[in-house]
Amino acid sequence: MTAVLSRRTLLAAGGGLVVAFSLHAQEPKRPGSLKETPSLDAWIRVAPDGRVTVFTGKAELGQGLTTALLQIAAEQLDVAPNRIELITADTMRTPNEGFTAGSHSMQDSGTAILNAAAQVRGLLCDAAAAEFGVAADTLTTADGLVHAADGRAIGYGELAAKLNLHVDATANSPLKDPAAYRLMGTPMQRIDIPAKLTGGASYVQDLRLPGMLHARVVRQPSYGATLLDFDTGPIEHMPGVVKVVRDGSYLAVVATKEWQAIKAMRALAAAAKWQETASLPDEATILDTLQALPVKDIPVLTWQAQAGAPVKRLKARYSRPYLMHGAIGPSCSVAQFVDGTMTVWTHTQGVFPLRAALASLLRLPPDKVHCIHTQGSGCYGHNGADDVAGDAVLIARAVPGHPIRVQWMREDEHTNEPYGSAMIAEVEGAIDADGRIVDWDYAVWSNTHNRRPNIGGLMLQNAALSDKLPVPPPAPIPMPEGGGDRNSNPIYALPNARVVYHFIPQMPVRISALRSLGAYLNVFAIESFMDELAEAARADPVEFRLRHLQDERAKAVISLAAEKFGWSAGKRGDGRGFAFARYKNLAAYCAIALTLGVDHETGQIRLGRVVAAVDSGQPVNPDGIRLQIEGAIIQSASWTLYEQVHFDRKRITSFDWSRYPILRFPAAPDSIDVYIVPRPGLPFLGTGEAGQGPTSAAIANALKDAAGVRLRQIPLSAPAVKTAIGV
Amino acid sequence: MALSKARIIAAAVALLVVGAGALLWHPAIAPVDTHAVFSHEQVARGAELAAIGDCSVCHTATNGQPFAGGRGVPTPFGTVYATNITPDPETGIGRWSEAAFKRAMRDGIDRAGHHLYPVLPYPHFTRATDADIAAMYAFLMTRPAAHATAPLNQLPFPLNQRFVLAGWNLLYLSPGPWHPDPAHDAAWNRGNYLVEAIGHCGACHTPHNALGAESSGQTLAGGQAENWYAPPLQSASPAVRPWTQATLADYLRTGFEAHHGAAAGPMTAVTDELAGVPDSDIQAIATYIASMMPKTAPEPVMARAGGDPHAAAIFAGACAGCHGSDAPMTRAGAPSLALSTVVNAPTPQGAIQMILNGIPWREGKSAPYMPSFGAVLTDAQVADLASYLRATYSEKPAWTDVPAEVAKARGSS
Amino acid sequence: MIRLNVNGHDHDVDAEPDTPLLYVLRDDLALNGAKFGCGLGQCGACTVMVDGRAVFSCLTPIALLPGRNVRTIEGLGMNAVQQAFVEEQAAQCGYCIAGMVMRAQALLEHNPNPSEQEIRDQMAVNLCRCGTHMRILAAVRRAAGRGVKS
Ligand code: FES
Ligand code: FES
């Protein structure tokens with residue numbers, strides 16, 4: 001009983017709780033999301049005809065999740081992938097797995113399905129063993145059949161009909177030997193791509209329900225803007241207009257056809273009069289403004305040990321502006337209010353939390369709201385997906401019976417989605433005479449990175465409606481995952497280090513979770529600073545990193561990237577840069593080496609060859625992993641080179657792609673090659689956000705190499721680079 | 001203004017005669033192998049002047065290394081390719097002494113003694129001060145060298161014979177320094193110098209005669225650049241809201257001004273370059289140009305109802321998403337088309353070019369953009385739309401010959 | 001009523017003449033391929049072909065279209081370009097992809113052997129936020145290598 005007691009549980013539990021704690025600790029935990037949803041039939045069902053249905057509470061966001069989950073289920077069940085149907089996030093059908101976020105899907109849902117499938121296969125074999133009167137371990141499975149050694153075979157469907165899968169999973173599963181995997185670890189074509197290439201209905205934007213009407217919203221032009229009274233009469237008489245919905249400063253219009261709704265929305269926007277206040281800070285000094293706001297200090301870590309005497313000390317400040325998710329497809333939702341129940345088709349990342357938020361917004365009990373995940377355009381975090389569902393339900397309630405389709409306009413998305421927080425990191429470090437880091441002081445300032453709605457007060461509409469719900473104060477996300485402090489804890493073995501997170505509760509600009517949260521800036525800062533220290537130590541940046549690492553998997557990823565890139569120590573000046581991080585220090589490892597060129601006259605950076613290495617644990621769909629990393633590299637390059645949300649004292653002014661430009665094809669790198677370190681049988685490590693941080697620092701480090709200038713403020717825009725270079 | 005082939009040839013033959021008679025032999029200037037060390041200040045000043053002078057606009061090919069040349073500059077006579085002005089010793093100007101560079105800038109004669117085409121605006125640069133030419137020289141000599149040879153010019157005989165330019169120069173090059181006008185203050189004079197001697201605004205904004213020279217007495221009275229309309233920068237300005245020093249400065253620095261709109265066509269590259277120029281120089285240019293602009297102008301009509309219903313439907317579906325009175329771009333500060341210079345211009349050329357070509361993206365730059373409609377609109381639809389814009393957003397008389405202008409723009413776009 | 005020819009078939013559409021083609025394709029003809037991305041001609045998600053040229057359907061009022069031929073991704077079947085996109089797995093969320101395919105199709109019909117720079121310059125009109133660029137470029141190159149029929 002005491003064998004499993006760690007020092008930590010003793011300390012944490014203390015006194016009389018020790019017994020209960022140790023008893024609990026004795027029982028190994030169920031893997032992945034089986035912890036919260038243990039029943040096997042919540043995950044896997046087998047129909048009498050042998051067809052298999054797999055359930056996940058996670059959602060396809062374009063990351064290829066559904067294909068990977070199918071591969072896992074098919075592998076462990078020994079059923080062809082095309083005989084499996086996958087049901088994703090739906091509040092009436094699937095397990096509640098919270099949000100599809102934080103690169104957690106493979107760890108949570110992938111692991112649950114892996115184990116559930118293995119256990120279901122085990123139960124099917126047990127049933128077959130009873131049927132055949134042989135020992136279970138003499139049976140084999142293939143293609144939905146259990147085979148006995150004597151040639152008899154029986155289908156899963158037949159067995160399942162007699163089997164109760166409504167049983168809790170156990171902690172241990174009869175997993176296959178990874179060496180025998182035929183599907184997992186092998187590239188598989190994404191199941192969702194053919195429909196997307198032929199005009200199949202793939203997205204919530206494509207839903208077309210009988211009697212469906214189209215709605216558009218006239219958003220508040222600035223935070224807290226108040227809608228003054230005006231005559232909506234002429235708009236109500238425009239062709240096709242069914243209704244103008246108004247509640248306080250909330251204004252929307254419903255029409256029979258989409259173009260009619262848009263025209264009516266424009267007319268409403270032209271007629272509406274707003275009272276606005278200049279509530280925004282000066283964009284030019286926003287970083288200083290943020291740093292001067294009151295903070296809550298959160299210590300992240302303190303390490304103290306003997307170390308050499310410092311001979312050189314460096315100090316630097318890094319920052320990023322507010323960044324936009326910038327989905328290509330503006331957010332969309334369809335809602336229908338029938339007999340007191342609201343059904344919502346949504347591309348939210350969390351159907352269950354959204355159900356709670358919508359129920360509270362509508363003052364309905366949660367079981368009267370049904371949220372069905374339907375794919376949307378890639379979201380990259382908490383964008384407008386939830387808020388547009390708020391629009392759909394408010395409007396659907398006002399026009400009961402009809403399915404109401406609302407899609408945001410481009411300017412709605414650009415100016416109303418919650419942005420990723422601007423951030424500042426200050427770091428000071430010292431090296432000794434041997435070129436080892438002996439001291440490290442790191443502080444990061446950030447707003448929260450999580451305003452995902454689970455109650456109505458967090459919905460965008462709440463600020464406009466006449467009857468407002470209370471708005472909870474912003475809260476930090478605790479480590480080890482962290483929010484603004486995500487990845488602020490260096491992975492390097494440093495004798496002395498202090499890391500503190502200055503959490504800024506006050507938010508001048510509406511923000512929430514953007515892909516990789518604080519890790520993007522923290523990795524940018526740490527990995528830029530590692531190069532600065534390496535330079536001070538006259539060390540090769542790659543060797544300098546390896547010198548400070550003990551984690552063997554980290555070293556392997558760095559070495560692989562360096563090798564594939566052809567990194568040679570000492571060779572400098574050709575515009576090469578390197579960076580590395582393990583996302584959250586918990587998920588995938590990713591190292592990136594790249595080259596770039598700089599236009600001396602304009603300061604424009606042009607990316608050349610990019611090589612990445614990644615360790616995602618047991619790979620499921622290697623091509624999917626590569627694609628995720630490629631995507632992260634390009635998205636991060638766009639953030640790092642160009643992006644910044646602009647605003648004046650009243651309004652967000654980045655209202656479209658001309659005022660918030662992102663990377664276009666001519667600026668894509670010459671090539672990206674991603675190499676995977678396979679780790680058969682090891683736990684899945686989320687990969688979706690592993691590349692963002694390292695890309696940013698690799699670019700800054702390569703810029704230093706190419707042009708001799710160190711830029712620490714994102715974006716590394718052409719004018720900023722030009723200013724740094726001089727003539 | 002279209003030049004008939006016969007006229008060009010006749011003029012060229014005339015020139016040939018004049019040129020032959022007045023043929024002046026120009027010696028080569030000895031190549032140099034080393035250069036002075038330039039001061040940082042001189043190079044920095046040279047960079048600013050080069051930006052005002054738009055050197056890189058012509059001397060950089062699409063996706064090419066800056067100043068390495070190779071860009072084809074279309075002229076009514078044919079295409080002239082800008083040369084490599086990086087310090088590459090073989091293909092650039094690496095072996096040019098400062099004296100050779102100055103002669104090119106002042107007289108349009110290259111180091112070897114050959115005439116340069118006046119696409120290089122030496123009739124303007126000839127007024128530049130020694131110090132400014134030296135600074136530009138210092139700047140160019142400190143650029144990274146590029147080994148690149150420009151393609152051969154595509155000019156008909158006899159224009160491909162460079163000596164004809166001797167005659168042209170006799171007619172149209174009036175050498176001599178720039179002189180300040182004591183009637184005006186320092187800023188105005190500074191602006192006048194930058195516009196005339198360095199910025200060579202007249203190269204586009206002054207009408208050109210049949211031989212491609214700026215028409216005398218019509219300085220900045222409006223011209224053409226690569227088939228785009230270059231509006232007058234003096235009393236004939238069609239701007240509905242009069243330009244002021246402040247609005248001009250804004251426009252020149254950012255390529256956009258809330259009462260006039262966005263720089264388009266060849267002007268985009270100019271304002272992109274000016275973004276890096278010191279404010280005092282921008283203000284000086286703005287002071288000088290504003291002084292020539294009309295002070296009052298009629299109040300604009302915001303929009304008139306009616307008009308061709310077919311064109312109105314095109315506008316509503318294709319244009320109103322940005323240019324409608326309630327569109328997000330308009331709400332964010334872009335002016336009504338009633339203030340647009342091209343809509344109020346004497347010719348439809350600018351409006352047609354905008355419809356056909358829009359304003360392209362500048363990678364990563366937060367800047368005005370407009371999609372091109374050249375692929376989707378037929379010539380007739382372009383003409384209808386342009387006429388509709390004129391009728392709806394301007395009180396000026398309808399344009400004539402819009403279809404012919406569309407056909408011409410299509411030929412060149 | 002306006003008569004439109006879409007993918008070789010005539011349709012009489014009951015929509016106002018200023019309606020952009022995008023909404024008619026999606027809402028009246030129930031075609032999903034062309035997507036609303038911006039409505040401003042900035043992203044290319046709505047790209048279709050009119051008389052063989054790639055256009056923004058979001059900025060193409062149907063008043064322009066009588067007598068002209070509209071082609072959407074639904075009209076391609078599963079041709080060489082689409083096949084190349086499958087083989088390169090050139091989609092993440094895929095929202096941009098139908099527009100990408102149509103722009104690539106138009107490019108390759110006019111220029112069967114584009115250079116890398118020509119491909120990038122032509123495709124520059126269309127945005128992808130997932131960062132699928134390298135795959136899309138590879139798919140266009142692959143399709144070009146095979147030849148694309150109009
Ligand atoms: S939706 Fe048409 S270009 Fe963006
Ligand atoms: S694949 Fe998602 S926007 Fe291109």
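The line from CD of C:Glu88 to CD1 of A:Ile193 is 11.0 Å long, rounded to the nearest 0.5 Å. In this structure, CZ in C:Phe36 is found 7.5 Å from CZ in A:Arg410, a value given to the nearest 0.5 Å.
The two atoms that bring C:Arg129 and A:Glu643 nearest to each other are NH1-OE2, 2.7 Å, heavy atoms only. Taking both residues in full, the closest heavy atoms of C:Ile73 and A:Leu197 are given as CD1-O, 3.1 Å, listed atom of the first, atom of the second, then distance. Annotation for C:Cys93 and A:Gly376: closest pair CB-O, 4.3 Å, computed over non-hydrogen atoms.
For C:Ala34, no part lies under 4.5 angstrom from a heavy atom of chain A. Contact annotation for C:Leu40: only side-chain heavy atoms (C-beta onward) come within less than 4.5 Å of a heavy atom of chain A. Only the side chain of A:Gln260 comes within contact range of chain C, with heavy atoms under 4.5 Å apart. A:Pro239 touches chain C through its side chain: at least one heavy atom from C-beta onward sits under 4.5 Å away, while N, CA, C and O do not. When heavy atoms are compared at a cutoff of 4.5 Å, A:His414 does not approach chain C at all. Both the backbone and the side chain of C:Ala91 come within less than 4.5 Å of a heavy atom of chain A. For chain C, no part of A:Glu60 is nearby; none of its heavy atoms comes within less than 4.5 Å. Only the side chain of C:Val101 comes within less than 4.5 Å of a heavy atom in chain A; its backbone stays farther off. Using a 4.5 Å cut-off between heavy atoms, A:Ile328 contacts chain C through both its backbone and its side chain. The contact between C:Glu16 and chain A is made entirely by side chain atoms (from C-beta outward), counting heavy-atom distances below 4.5 Å.
Judged by distance alone, with hydrogens and angles left aside, the side-chain atoms of A:Gln189 form no donor-acceptor pair with the main-chain N or O of C:Glu87 at under 3.5 Å.
At a heavy-atom cut-off of under 4.5 Å, chain A is reached by C:Thr132, C:His133, C:Met134, C:Arg135, C:Ile136, C:Leu137 from residues 132-141 of chain C, listed in order of number. Within residues 657-667 of chain A, the residues having any heavy atom less than 4.5 Å from a heavy atom of chain C are, in residue-number order, A:Trp657, A:Ser658, A:Tyr660, A:Ile662, A:Leu663, A:Arg664, A:Phe665, A:Pro666.
With contacts defined as side-chain heavy-atom distances shorter than 4.5 Å, the pair A:Lys257/C:Asp28 qualifies. A 4.5 Å side-chain heavy-atom check between A:Thr198 and C:Glu74 finds every atom pair outside the cut-off.
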Problem - Worked check of side chain to side chain contact (heavy atoms under 4.5 Å, CB included) between C:Gln92 and A:Gln63 - result: CA-CA 6 Å; C:Gln92 294 189 58; A:Gln63 77 282 47; over 6 Å; no
Problem - Stepwise side chain to side chain contact (heavy atoms under 4.5 Å, CB included) check, C:Cys130 with A:Tyr380 - result: CA-CA 8 Å; C:Cys130 294; A:Tyr380 329 109; 2.9 Å; yes
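A side-chain hydrogen bond (donor to acceptor under 3.5 Å, both in side chains) check over residues 201-212 of chain A, counting only residues at least two apart or in different chains, returns the pairs A:Asp206-C:Arg26, A:Arg208-C:Asn32.
A donor-acceptor pair shorter than 3.5 Å cannot be found between the side chains of A:Trp259 and C:Asp27.
Residues satisfying the side chain to side chain donor-acceptor pair (under 3.5 Å) criterion with C:Arg68, sequence neighbours excluded, are B:Gln381, C:Asp51.
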